[in-house]
Amino acid sequence: MSKGPQRIRGTQDIWGEEADRFARVVETFDRVRRLYAFQRIELPVFEATEVFARSIGETTDIVSKEMYTFPDRGGDSLTLRPEFTAGICRAYLSEGWQQHAPIRLATHGPVFRYERPQKGRFRQFHQLDAEIIGTDSPLADVELLVLADQLLHQLGISEGVTLQLNTLGDAPTRDAWRAALVSHFEAHRSELSEDSLVRLAKNPLRILDSKDPRDRPAVDSAPSIDEFLTPEASAFFARVTAGLNVADVSWTRNPRLVRGLDYYRHTAFEFVTDRLGAQGTVLAGGRYDGLIEGLGGPHTPAVGWAAGIERLAMMLTPPPALPPAIDVPVVVMPVGDAAEATAIRVATAVRRRGFATEIYTRGNLKKRLARASERLVSTAIIIGDDELEAGQATVRHLRIQQQDRIPFDRIVEQLWPTGDE
RNA sequence: GCGACCGUAGCUCAGCUGGUUAGAGCAUCGGUUUGUGGUACCGAGGGUCGCGGGUUCAAGUCCCGUCGGUCGCCCCA
């Protein structure tokens, strides 16, 4: 079946209706992001490996086994970005964006993770990303969440999506809670699943969102973070939730929500749906006050989130509701080689007037008209020997099945009279 | 990385318990007096049956491996 080179596993050739959905997600994000005054940035798809290794956490699966890491010809170790945040923080430092802090940034593009592909999960996939860097105000967290909420509404996919919210507290909170969890789970070792025993050593917080029913009892009896929140941490969380309530964004407290990446503090959140099988998370993020410091910069508080474009696109309304991919109102049909030059001249004039057109050259006139009808073209400009001799094109209006003759140099102004956009 | 299912024309699939030159629909291309419409009719091209090995007189059909896909686990957007 297959001829020639194969597409790389976990990558996609996006085309047609799927490409339209994809574009709609990006366009909507771009529109909403402006409403919240986030500025657009473009960043490299690869960075020095240490940018990700130091920020994401050496023990996470992403860093330990999912990165595309390779030496370049100069011997430096580079990595295709597995997420946006680390690269944005690196840029924040190397471009001196501190002087603009707090700064609101938005971007989107491909990210890469060496994972086993399945529904809604790819090796090259695409994310939307929004970050606010340089403020420790809970208002920033609120703004980001309200932005996310509005994005989902404008995409028309907020139905069935719930915002799950949690706090991971500040550093002292997190350390105390973590220690309590470790001793709790150590005491219940015998009740845990094999997976969770591994987590206990590597990333004990992760046991909390285990799907294995065997872990339930130990998880249910585990200490809650609320018992360890410092007054500052709980005041922070209270201001975030209060802000969401004022903005009328509904949310659910999920005390077992933790983040996979090590750099998160305080607010952690996920917009989750049940419509995407195992890949329920559609947009996720939180506050990462320690990350920039970890990269060697000054202490810099920040918040952000990322959303999977493919996952959002999959939730979009089915094809019929979408507008046609390409709207070409006019088509030019030269009949015979002699008509070619005139066809090019006419088509160019149409495009310079600001309208899309295509020149159909293949097949007999009947086939071409059939093709045009199929694609909902409204006007066909036919140019053959008769027309060349008369200096007038046959302009056929496909909808009303009527046609008339118009001199070549008057076609554009006849079809689109000035002032009638 | 683990488990289950799947892999036949560009697309969607049929091919019964292994048996002559592998089929259909859609799409494509051509034709129905080299110039007038989504229809109709006629015809054509297009397949190393993912790939490699094995069993058998004989394999698209059975077995093993491999690659790819799907779903789940892990992880995550």
Same-atom distance (C1') from B:G47 to B:G60, integer angstrom: 11 Å

Rounded to the Å, how far apart are A:R368 CZ and B:G38 P? 15 Å

Between A:F355 and A:W416, how do the two ring planes meet: parallel, tilted or perpendicular, split at 30° and 60°? parallel

Salt-bridge contact A:R287-A:D141 (side-chain N to carboxylate O under 4.0 Å): yes

Ignoring hydrogens and angles, answer whether the base of B:G69 and the side-chain atoms of A:R9 contain a donor-acceptor pair closer than 3.5 Å. no

Between B:U36 (P) and A:R396 (CZ): distance, integer Å: 10 Å

Inter-nucleotide C1' distance (B:G35, B:U12), Å rounded: 37 Å

Out of B:G37, B:C75, B:U36, which nucleotide sits closest to the side chain of A:I382? B:U36

Whether the side chain of A:Q403 and the base of B:G37 hold a donor-acceptor pair under 3.5 Å is what I'd like checked. no

By the 4.0 Å heavy-atom rule, please label A:Q402 as base, sugar-phosphate, or nothing. nothing

Using only modelled atom types and a 3.5 angstrom limit, is any donor from either the side chain of A:S373 or the base of B:G38 paired with an acceptor on the other? no

Nearest listed nucleotide, side chain of A:E387, among B:G69, B:G35, B:A77: B:G35

Remember a base hit wins even if backbone is also touched, and classify A:D212 as base, sugar-phosphate or nothing at under 4.0 Å, heavy atoms. nothing

Atom CG of A:D337: over 12 foreign heavy atoms under 6.0 Å: no

May I have the distance from A:F84 (atom CZ) to B:C76 (atom P), rounded to whole angstrom? 18 Å

Look at all strands and tell whether A:E270 reaches a base, only sugar-phosphate, or nothing, counting heavy atoms closer than 4.0 Å. nothing

For A:K367 and B:G43, what is the distance between atoms NZ and C1' respectively, to the nearest whole Å? 11 Å

In whole angstrom, give the distance that lies between atom CG of A:N203 and atom P of B:C75. 9 Å

Indicate, with a heavy-atom threshold strictly under 4.0 Å, whether A:H397 touches base, sugar-phosphate, or nothing. base

Find the distance A:E131:CD to B:A77:P and express it as a whole number of Å. 12 Å

Per A:K366 side chain, nearest of listed nucleotides B:G35, B:U32, B:C71: B:U32

Check if the side chain of A:R116 and the base of B:C73 share a donor-acceptor pair of N or O atoms closer than 3.5 Å. no

May I ask you to say what A:G285 touches in the nucleic acid, namely base, sugar-phosphate or nothing, with a heavy-atom cut-off under 4.0 Å? nothing

Expressed as a whole number of angstroms, how long is the span from A:Y114:OH to B:C76:P? 19 Å

Listed nucleotide nearest any side-chain atom of A:L369, set B:G37, B:C75, B:A77: B:G37

